[in-house]
Amino acid sequence: MITPEIAPANFIRNIIENDLATNKWGGRVVTRFPPEPNGYLHIGHAKSICLNFGLAQEFKGSCHLRFDDTNPTKEETEYVESIEADVRWLGFDWGEDLFYASDYFQALYDHAVALIKQGKAYVDDQSAEAIRATRGTLTEPGKDSPWRSRTVEENLDIFTRMAAGEFEDGSRVLRAKIDMAHPNLHMRDPTLFRIRKVSHHRTGGKWCVYPMYDYTHCISDSIEGITHSICTLEFEDNRILYDWFLDELALYHPQQIEFARLNLEYVVVSKRKLLTLVKEGHVGGWDDPRMPTLSGLRRRGFTPESIRLFCERIGVGRKESWIGMDVLEKAVRDDLNPKAPRVMGVLDPLKVVIDNYPEGQVEELEAPYFPDDPPRMGSRKVPFSRELYIEREDFLESPPKKFWRLAPGREVRLRWAYFVTCTGLVKNDQGEVIEVHCAYDPATKGGDSPDGRSPKGTIHWVSAPQSLTAEVRLYDRLFAVPRPDSEERDFRDLLNPDALKIIPHAALEPSLAGARAGERFQFERKGYFFADPQDSAPGKPVFNRIVTLRDSWAKIVEAQKKGR
RNA sequence: UGGGGCGUCGUCAAGCGGUAAGACACGGGUCUUUGGAACCCGCAUUCGCAGGUUCGAAUCCUGCCGCCCCAGCCA
């Protein structure tokens, strides 16, 4: 197991601890995760989910799942289902606390009527363009609407008729009457309700006026008895409205707290761009293993634990920050290292003939699944014969300094098998090595020599005749540059062409024929792999590479290059 | 030139007036039948800058500088 990491302190936890100490909320901690059901959840949402559900868990409170479905033109049931599945997959449970903003449409309407009666809201007959034109600018105040001083009675009458469907979409809106000269633009008479004569995924045709976010969110939080309403930094300016509505309506008043959203290098997370990748076929779908969506990460083979570990490690603050992809990769390695059984698979096969090994002979060699803890899960038998495959990159005709693998005259250990020494090689017309010849030392069976010598290199291998041919998909970072969003070029041109390499005929050890869909393994020296849950069939697994192993040889090579 | 925020190691991030946690990355080493893992050591005399208050400041005050967000009938 990964050593349990102590959840690092953060300012939100501090606020909660302080509130608990002062009994501000009567000992309650109630948070919520409020997605709009208009797209798939991605790694950025995971941060928010882990924060909200994690805090609730830690303080024995609760976290509500609430769909913010106030805009029927953009929201669909398909998305609520995928969101529920993703949150559950991440390991969180909202219990009975599943809500929809649309549950509160009537209450929202009633509160609007109350605001009208208080003279705090009015119906504006101006067009959207006119409203925009009179909002003023960052430095100049706006102008009052000509409809701002309608009587309460008239406002009540028209608002009622708006809700009854008497007016066309866009013909008028209900606005709060605050201050058109306020320095915070959100306070310049924000819209409360707009007319939308469209069917809503839950309320159908019941409503033709729909409430806006600022008005809806605070009241929804209030109704549900939320204590800490955690959202991202871009809503900082909206907090003034959150507070204004609740104060004017004299309702239970949760505290809105903002934190910096996640920025992850080498991916893009905007719905528009992700959708483009899917629609234009740059990826196979929302759950393509290259995608930063939770469904993509799941399909790739990431574990929920690894995502949670990642979220814990990146912390929570109010500073715009960028997290390197290596942090996510490290998190999944750390999670899988103690969990994934070790097996051998050759991704780029190079044939090896052991000349002094009897033709036709096959030995079954013992190979532990967890070499660092052999009793655990025991071992499997791996066949060994005269003809093997090794990784093409594990042989070099003229090896550079510090290369410890196979080369002419060089002895290496074949993992769990024998020491072999390279005695010759065969090339094709293009001068490429297509076959390597070796001699094995029968005294080194199992990988130990009686004379105590130990080769510098140990490489993996698979017996050719018994090998399992399987498709392996090597995934890597989606983009070739760390911050695709801040580049001038079209983001499509920044995609990493090597984000997916399909190997149709990898040579795997035969035990893998028994791999079940959804199982994870470490292919020794190569990385962690996941039997694709959709494309694997009994006896015919298809593997996705989740992440490579840390590769210090690659670092040496790079250093040598630079040194030159 | 309005309003709201943010600036602590390469990247995140603790710290809340008492003399800079931790993680990732990086460097070195031990061990090793994965150049994996594990383990050990190192890694900010300094907290955007400049002043000030104080016995004492990353923490308080003042002034600068830099970066982000806001002008949807989106959320």
Side-chain angles (χ1 to χ4, degrees), chain A residues 5-6 8-11 14 34-36 38 68 70-71 73-75 101 124 126-129 131-133 135-142 169-175 181-188 190-196 209-210 212-214 216-217 231-240 258 260 265 312-324 326-327 329-331 333-334 337-338 342 344 367-368 371-372 402-405 413-417 419 444 446-448 454-460 522-527 548-556:
Chain A
E5 292 176 27
I6 311 104
N10 69 57
F11 77 101
N14 292 347
E36 180 185 13
N38 73 339
D68 223 331
T70 58
N71 187 348
T73 61
K74 298 168 65 176
E75 296 144 7
D124 193 340
Q126 293 184 107
S127 66
E129 301 73 59
I131 288 178
R132 191 182 317 125
R135 184 153 19 234
T137 69
L138 295 179
T139 52
E140 303 157 23
D169 284 15
S171 59
R172 57 205 78 199
V173 293
L174 183 72
R175 289 227 258 173
H182 198 105
N184 181 327
L185 302 243
H186 293 278
M187 292 292 268
R188 323 246 260 225
T191 301
L192 267 43
F193 276 90
R194 74 285 215 191
I195 302 172
R196 282 274 185 290
V209 289
Y210 291 95
M212 298 287 290
Y213 166 84
D214 286 309
T216 305
H217 207 84
C231 61
T232 45
L233 251 28
E234 60 269 30
F235 291 101
E236 246 168 335
D237 291 341
N238 301 59
R239 190 177 60 229
I240 192 170
E258 311 86 15
E265 291 186 337
E312 196 165 289
R313 286 181 177 176
I314 60 177
V316 180
R318 286 176 68 85
K319 183 174 63 174
E320 284 269 355
S321 60
W322 281 88
I323 306 294
D326 55 314
V327 181
E329 292 169 345
K330 168 76 169 160
R333 282 189 198 112
D334 285 351
N337 176 43
R342 270 57 170 177
M344 293 194 286
D372 292 333
K402 290 187 183 170
F403 181 85
W404 304 333
R405 285 111 95 149
R413 169 165 38 230
L414 295 179
R415 183 82 159 154
W416 310 123
F419 293 0
T444 57
D448 284 309
S454 182
K456 199 101 161 129
T458 298
I459 64 176
H460 62 282
Q522 184 196 104
F523 288 6
E524 290 200 69
R525 306 208 309 133
K526 293 274 78 176
T548 60
L549 253 34
R550 181 162 166 256
D551 187 355
S552 44
W553 169 241
K555 272 180 219 164
I556 293 171

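It should be emphasised that the depicted structure is a prediction, and the values quoted were computed from it without experimental measurement. Reminder, nothing fancy here: chain letters follow the sequence lines and each chain counts from 1.
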Open item on the list: Among B:G35, B:G72, B:G2, which nucleotide has an atom closest to any side-chain atom of A:F403?
Closed with: B:G35
Open item on the list: Anti or syn, where syn is a glycosidic angle within 90° of 0; which label fits B:G15?
Closed with: anti
TODO: Just compare B:C6, B:U34, B:G15 and give me whichever is closest to any side-chain atom of A:D372.
DONE: B:U34
Task: A:L185, nearest nucleotide to its side chain (from B:G2, B:C24, B:A75) - done: B:G2
Open item on the list: Using a distance-only criterion (donor-acceptor N/O pair, under 3.5 Å, no hydrogens), is the base of B:G36 paired with the side chain of A:R333?
Closed with: no
TODO: Only counting residues at least two apart or in another chain, list the ones meeting salt bridge (charged side-chain N to carboxylate O under 4.0 Å, His left out) with A:R172.
DONE: A:D125
- [ ] Starting at atom CZ of A:R132, determine the distance to atom P of B:A71, rounded to an integer number of angstrom.
- [x] 11 Å
Open item on the list: Side chain of A:K319, heavy atoms from C-beta onward: which of B:C69, B:G3, B:U8 has the nearest atom to it?
Closed with: B:U8
TODO: To the nearest 0.5 Å, tell me how far A:L174 CG sits from A:R194 CZ.
DONE: 12.5 Å
- [ ] Answer yes or no: is there a side-chain heavy-atom contact under 4.5 Å between A:V173 and A:M212?
- [x] no
Task: Nearest-nucleotide pick for A:R194, side chain only, options being B:G36, B:C70, B:C73 - done: B:C73
Open item on the list: Could you tell me how far apart A:L174 (CG) and B:G72 (P) are, to the nearest whole angstrom?
Closed with: 19 Å
Task: Sugar-phosphate, base or nothing in reach of A:F235, heavy atoms under 4.0 Å - done: base
Open item on the list: Walk me through whether A:D68 and A:T70 qualify under side-chain contact (heavy atoms from CB on, under 4.5 Å).
Closed with: CA-CA 6 Å; A:D68 223 331; A:T70 58; 4.1 Å; yes
Open item on the list: With a 4.0 Å cutoff (strictly under), does any side-chain N or O of A:T73 reach OP1 or OP2 of B:C74?
Closed with: no
Open item on the list: Rounding to an integer number of Å, can you tell me how far A:L549 CG sits from B:U34 C1'?
Closed with: 7 Å
Task: Separation of B:C6 P from A:E234 CD (nearest whole Å) - done: 15 Å
Open item on the list: By the 4.0 Å heavy-atom rule, please label A:I323 as base, sugar-phosphate, or nothing.
Closed with: sugar-phosphate
Open item on the list: Using the side-chain heavy atoms of A:T191, tell me which of these nucleotides is nearest: B:C73, B:A14, B:G2.
Closed with: B:C73
TODO: Could you please name the option among B:C6, B:U34, B:G36 that lies closest to any side-chain atom of A:Q522?
DONE: B:U34
- [ ] May I ask you to decide if A:T548's main-chain N or O and A:R333's side chain share a donor-acceptor pair within less than 3.5 Å?
- [x] yes
- [ ] Starting at atom CZ of A:F11, determine the distance to atom C1' of B:C16, rounded to an integer number of angstrom.
- [x] 15 Å
Task: A:Y213-B:A75 aromatic stacking (under 5.5 Å, under 30°) - done: no
Open item on the list: Can you see if the side chain of A:R135 gets near the phosphate of B:C73 - specifically, an N or O under 4.0 Å from OP1 or OP2?
Closed with: yes
Open item on the list: Categorize A:A128 for me: base, sugar-phosphate, or nothing, with a 4.0 angstrom heavy-atom threshold over every strand shown.
Closed with: base
TODO: Mind checking A:S127 for me? I need base, sugar-phosphate or nothing, with any heavy atom below 4.0 Å counting as a touch.
DONE: base
Task: A:E524 CD - B:G35 C1' separation (whole Å) - done: 13 Å
Open item on the list: Measuring from atom CZ of A:R318 to atom CD of A:E236, what distance do you get when rounded to the nearest 0.5 angstrom?
Closed with: 4.5 Å
Task: Residue-phosphate contact under 4.0 Å: A:R196 side-chain N/O, B:C73 OP1/OP2 - done: no
- [ ] Go ahead and name the base partner of B:G27; Watson-Crick or wobble counts if both distances stay under 3.5 Å, otherwise write none.
- [x] B:C41
Task: Nearest listed nucleotide, side chain of A:S321, among B:C24, B:C12, B:G36 - done: B:C12
Task: Proximity to the side chain of A:R550 - top-ranked nucleotide from B:G35, B:G36, B:G72 - done: B:G36
Task: Per A:N14 side chain, nearest of listed nucleotides B:C26, B:C16, B:C74 - done: B:C16
